[in-house]
Amino acid sequence: MKKQTNSSYFNNLLKNSKASKKQIALYLDDAKVERIDTIIKLFSSLSDSKSFARNTLIEEAIDKFLADSEEYLQETYGIDVDAFMEEMRLENAGVERFDTLILSSTKRGFEETFLGEDGNTPCWYPCKVSDDREPHVKYIAIYRGRPHSAITHYAKVKHFVYDEELECKVCYFDGDPIELPHKIGLGQKEPCFFIGAKYTTLENLLNATQADELVFG
């Protein structure tokens, strides 16, 4: 039986499209080079642009290999290559070790919301944590505005949930909030420093007494 060819693959070859390139070295034996050059001549005669290069053939072959490989990994092993690459990128950037999210509170409600006083479930919102950071966040702490002007407590994260009614992401805790060994004051930082999400490590949080001593990433 004659093998069925992938016409879209060869159609892409003939388009001779160009994109941003990075140079690499590729070594092939003479027989393969001769065969590639022969096929290139044939494709050049069929191409609309009448111009065809080795790189075009090799790049399309690699693209096909990548597409087929990613499909195989997804269907056979449930591996999402894009998600895996993003995870590796974050790990290489050191994101994984910054496991503690610091947000700020300038209004009343810390005791009722974060500490869960008056019978409330301890939690915090709104949590503007980015999607790529969220899987790595294990702890959350809140910088409290005046009259405290310090970070006084932290909590272990159970999960983040988007609340449709509140229209924001809520962080629920795994256990009760924990008071820090010593509060973390501003030091040389301005009060506005903690506006927006900041990421540090739990080790830093437990040992610092001033915001200047915290390492952010």
Exercise. Residues in ring-ring contact (aromatic ring centres under 6.0 Å, His included) with Tyr125, at least two apart?
Worked result: none
For this session: Report the residues that fulfil ring-ring contact (aromatic ring centres under 6.0 Å, His included) with Tyr154, sequence neighbours left out, ordered by chain and then residue number.
Result: none
Exercise. Thr113 side chain to Gly109 main-chain N or O, any donor-acceptor pair under 3.5 Å?
Worked result: yes
[Y] and [X], any side-chain heavy atoms less than 4.5 Å apart:
X: Ile140; Y: Phe114; answer: yes
X: Asp29; Y: Val33; answer: no
X: Ser104; Y: Ile142; answer: no
X: Leu206; Y: Pro181; answer: yes
X: Thr100; Y: Val137; answer: no
X: Thr152; Y: Leu180; answer: no
X: Leu42; Y: Ile40; answer: no

For this session: Would you please indicate if the ring centroids of Tyr172 and Phe160 are separated by under 6.0 Å?
Result: no
Going by side chain to side chain donor-acceptor pair (under 3.5 Å), name the residues that satisfy it together with [X], two or more places apart in sequence or in a different chain.
X: Thr201; value: none
X: His148; value: Arg144
X: Asp68; value: Lys64
X: Glu134; value: Lys169

List for me each residue that meets side-chain contact (heavy atoms from CB on, under 4.5 Å) alongside [X], sequence neighbours excluded, and say none if there are none.
X: Phe65; answer: Ser69
X: Ser130; answer: Asp132, Arg133, Tyr199
X: Lys138; answer: Asp99
X: Leu73; answer: Tyr77, Ile79, Val81

Exercise. Are Tyr139 and Trp124 connected in a single hydrophobic cluster, I mean Ile/Leu/Val/Met/Phe/Trp/Tyr linked by side-chain heavy atoms less than 4.5 Å apart?
Worked result: no
Exercise. Are Val157 and Phe110 in one and the same hydrophobic cluster, where Ile, Leu, Val, Met, Phe, Trp and Tyr link if side-chain heavy atoms are under 4.5 Å apart?
Worked result: yes
Exercise. How many angstroms lie between atom CG of Leu166 and atom SG of Cys123, to the nearest 0.5 angstrom?
Worked result: 8.5 Å
Exercise. Can you name the closest pair of heavy atoms from Cys127 and Val170 and give their distance?
Worked result: SG-C, 4.4 Å
Problem set entry | Minimum heavy-atom distance between Pro122 and Phe173, given as atom pair plus value | CB-CD1, 3.5 Å
Exercise. Which pairs, with at least one residue in residues 112-129 and sequence neighbours excluded, count as a salt bridge (Lys or Arg N to Asp or Glu O under 4.0 Å)?
Worked result: none
Side chains of residues 207-217: which donor-acceptor pairs under 3.5 Å do they make with residues two or more places apart or in other chains?
residue, atom, partner, partner atom, Å
Asn207, ND2, Glu203, O, 2.7
Thr209, OG1, Glu213, OE2, 3.1
Gln210, OE1, Gly187, N, 2.8
Asp212, OD1, Gln188, N, 3.4
Asp212, OD2, Gln188, N, 2.7
Glu213, OE1, Thr209, N, 2.9

Problem set entry | Ring-face cation contact, Phe193 with Lys198, 6.0 Å cut, 45° max | yes
